[in-house]
A.B. asks: 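Submitted below is the structure of interest, expressed as structure tokens.
We number each residue from 1, following the sequence as shown.
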Amino acid sequence: MAPRPLGPLVLALGGAAAVLGSVLFILWKTYFGHGRERRWDRGEAWWGAEAPRLPEWDEWDPEDEEDEEPALEELEQREVLVLGLDGAGKSTFLRVLSGKPPLEGHIPTWGFNSVRLPTKDFEVDLLEIGGSQNLRFYWKEFVNEVDVLVFVVDSTDRLRLPWARQELHKLLDKDPDLPVVVVANKQDLSEAMSMVEMQQELGLQAIDSQREVFLLAASIAPAGPSSEEPGTVHIWKLLLELLS
Ligand SMILES: Nc1nc2c(ncn2[C@@H]2O[C@H](COP(=O)(O)OP(=O)(O)OP(=O)(O)O)[C@@H](O)[C@H]2O)c(=O)[nH]1
Ligand SMILES: [Mg+2]
């Protein structure tokens, strides 16, 4: 049987995938745009955000409710996209930022995962899209919608560093002005590449000098207790500077 032309099929699949990417983004916006649920735990937050004080029972007046609710909603929003190959440490980063302990082992994100963190002046939405090969296609759909890109790389994953580099540069091409924070994660492990190597292998020196690009060494969830590498706090502080 003569081979059938693939062109229309590829086009149709490409179109369907683009639509799905947009639907995912709309779902995320809808969730955060109108949802009242907060995924962060006010009690556990460590980044210095002031948790709103809940009224004592005898102070509570239902008529105040309507006045109080918008105060939280009125805060401006900032959006951070967290990408990187599967297993790089994206979900762990979001968990640690939310004050939760890292999970044991790698549980892949099938789709997206997000947290909203309040600061004094604005709220920061962090969106992770899973890094498995079939999800990387959607990354580019989100990159023009955010204020900062955090790109997490496993510093021990030498073999796949060229893939990480390729994906990172595709995203950079998509938005020439987007500030980028590249996180060289898992620096606690002895096989981790040095920062000089990471900079070279990821081709960061070749990036347009006008763009804000940062390379941070990190151990978001160190395997042992003795790591001295800066971790999540440093990334968060830099994000706050970039978003202010
Ligand atoms: N040694 C070490 N392990 C880490 C570090 N950060 C994360 N990990 C581990 O790396 C594994 C993968 O982390 P995840 O956060 O699930 O990776 P991910 O980037 O979200 O992966 P996908 O959702 O599949 O895209 C987990 O077992 C983490 O505990 C680190 O700094 N050091
Ligand atoms: Mg994940």
A.B. asks: Is a donor on one side and an acceptor on the other found under 3.5 Å between the side chain of Thr109 and the backbone of Phe112?
C.D. replies: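 No, Thr109 side chain to Phe112 backbone: no donor-acceptor pair under 3.5 Å.
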A.B. asks: Search all heavy atoms of Ala88 against all heavy atoms of Lys186 and return the closest pair with its distance.
C.D. replies: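 Heavy-atom minimum between the residues: O-CE, 3.8 Å.
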A.B. asks: Nearest 0.5 angstrom please: Arg78 CZ to Leu117 CG, how far?
C.D. replies: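 Here the interatomic distance stands at 14.0 Å.
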A.B. asks: Determine whether Leu103 and Arg95 satisfy the following criterion, side-chain contact (heavy atoms from CB on, under 4.5 Å), listing intermediate values before the conclusion.
C.D. replies: CA-CA 8 Å; Leu103 291 173; Arg95 280 187 70 83; 3.7 Å; yes
A.B. asks: Met195, Leu204: one ILVMFWY side-chain cluster at the under-4.5 Å cut-off?
C.D. replies: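 Yes; tracing contacts between hydrophobic side chains, which count when under 4.5 Å, links both residues.
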A.B. asks: Can you list every salt bridge (Lys or Arg N to Asp or Glu O under 4.0 Å) pair that touches residues 172-183, not counting sequence neighbours?
C.D. replies: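 Found none.
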A.B. asks: What is the minimum heavy-atom distance between Leu75 and Glu123, and which atoms define it?
C.D. replies: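 Closest pair (atom of Leu75, atom of Glu123, distance): CD1-CG, 3.7 Å.
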A.B. asks: Nearest 0.5 Å, what's the CD1-CG distance between Ile235 and Leu238?
C.D. replies: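 It is 9.0 Å, given to the nearest 0.5 Å.
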A.B. asks: Could you report the tightest heavy-atom contact between Met198 and Ala184, atom names first, then the distance?
C.D. replies: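 Here Met198 and Ala184 meet closest at CE-CB, 3.8 Å.
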A.B. asks: Supply the atom-to-atom distance Ile107 CD1 to Ser91 OG, rounded to the nearest 0.5 angstrom.
C.D. replies: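 Rounded to the nearest 0.5 Å, the CD1-OG separation comes out at 9.0 Å.
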A.B. asks: Compare all side-chain heavy atoms of Leu85 with those of Gln133 and state whether any distance is below 4.5 angstrom.
C.D. replies: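 No, their side chains stay 4.5 Å or more apart.
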A.B. asks: Ignoring hydrogens, what is the shortest heavy-atom contact between Val96 and Pro102? Give both atom names and the distance.
C.D. replies: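 In terms of heavy atoms, the two residues are closest at CG2-CG, 4.2 Å.
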A.B. asks: Between Arg160 and Asp86, is a salt bridge (charged side-chain N to carboxylate O under 4.0 Å, His left out) present by the stated rule, with each step listed?
C.D. replies: CA-CA 10 Å; Arg160 295 199 306 161; Asp86 44 306; 3.0 Å; yes
A.B. asks: Is there a donor-acceptor pair under 3.5 Å between the side chain of Ser219 and the backbone N or O of Asp188?
C.D. replies: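 Judged by distance alone, yes, a pair lies under 3.5 Å.
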A.B. asks: Side chains of Val82 and Asn113, heavy atoms from C-beta outward: is any pair under 4.5 Å?
C.D. replies: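 Sidechains of Asn113 and Val82: no contact.
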A.B. asks: To check you understand the geometry: which heavy-atom pair defines the closest contact between Arg165 and Leu202, and what is its length?
C.D. replies: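 Heavy-atom minimum between the residues: CG-O, 3.7 Å.
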A.B. asks: Under 4.5 Å between any side-chain heavy atoms of Arg158 and Glu197, yes or no?
C.D. replies: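 They are in contact (side-chain heavy atoms under 4.5 Å apart), so the answer is yes.
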A.B. asks: Look at atom CD of Glu104 and say whether more than 12 heavy atoms of other residues, nucleotides or ligands are closer to it than 6.0 Å.
C.D. replies: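 12 or below, so no.
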A.B. asks: Check whether any side-chain heavy atom of Asn185 lies under 4.5 Å from a side-chain heavy atom of Asp154, and answer yes or no.
C.D. replies: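 When only atoms from C-beta onward are counted, Asp154 and Asn185 do not touch, as no gap falls below 4.5 Å.
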A.B. asks: Working to the nearest 0.5 angstrom, can you tell me the gap between Met193 CE and Gln199 CD?
C.D. replies: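 Met193 CE to Gln199 CD: 13.5 Å, rounded to 0.5 Å.
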A.B. asks: Please check if Leu189 and Phe93 belong to a single hydrophobic cluster, counting links between Ile, Leu, Val, Met, Phe, Trp and Tyr side chain heavy atoms closer than 4.5 Å.
C.D. replies: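 They do not share one cluster, since no chain of ILVMFWY contacts under 4.5 Å joins Leu189 to Phe93.
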A.B. asks: What closest approach, in Å, do Ala218 and Gly231 show between heavy atoms, and which atom pair accounts for it?
C.D. replies: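 In this case the closest contact between Ala218 and Gly231 is CB-CA, 4.3 Å.
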A.B. asks: After noting the C-alpha distance and the side-chain angles of Leu178 and Arg211, does the key distance pass the side-chain contact (heavy atoms from CB on, under 4.5 Å) rule?
C.D. replies: CA-CA 7 Å; Leu178 186 65; Arg211 184 201 285 274; 4.1 Å; yes
A.B. asks: Closer than 3.5 angstrom, by distance alone: can the side chain of Lys90 be matched with the main-chain N or O of Gly84 as a donor-acceptor pair?
C.D. replies: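 At least one qualifying donor-acceptor pair exists.
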A.B. asks: So is Lys140 actually on top of Phe142's ring, under 6.0 Å and inside 45° of the axis?
C.D. replies: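 The answer is no; the distance or angle limit is not met.
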A.B. asks: Can you find a pair of side-chain heavy atoms, one from His234 and one from Lys237, that are under 4.5 Å apart?
C.D. replies: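 Side chain of His234 against side chain of Lys237, heavy atoms only: no contact under 4.5 Å found.
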A.B. asks: Is there a chain of hydrophobic side chains (I, L, V, M, F, W, Y, each step under 4.5 Å between heavy atoms) that links Ile129 to Phe137?
C.D. replies: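 The answer is yes; both residues are in one hydrophobic cluster.
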A.B. asks: Under a 3.5 Å cutoff, is there a donor and acceptor pairing between the side chains of Ser155 and Gln187?
C.D. replies: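 Yes, Gln187 and Ser155 have a side-chain donor paired with an acceptor closer than 3.5 Å.
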A.B. asks: Do the non-hydrogen side-chain atoms of Trp139 and Leu149 ever get within less than 4.5 Å of each other?
C.D. replies: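 Heavy-atom side-chain distance check fails, nothing below 4.5 Å.
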A.B. asks: Does the side chain of Val180 come within less than 4.5 Å of Ile207's, by heavy atoms?
C.D. replies: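 In short, these two side chains do not touch, never coming nearer than 4.5 Å.
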A.B. asks: About how many Å separate CD of Glu167 and CG of Leu83, when rounded to the nearest 0.5 Å?
C.D. replies: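 Reported value, rounded in 0.5 Å steps: 9.5 Å.
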A.B. asks: Any side-chain heavy atom of Val213 within less than 4.5 Å of one from Phe151?
C.D. replies: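 Val213 does not reach Phe151 side chain to side chain.
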A.B. asks: Among Asn144, Asp147, Val148, Val143, which residue meets the side chain to side chain contact (heavy atoms under 4.5 Å, CB included) test with Leu81?
C.D. replies: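 Exactly one candidate clears the test, Val143.
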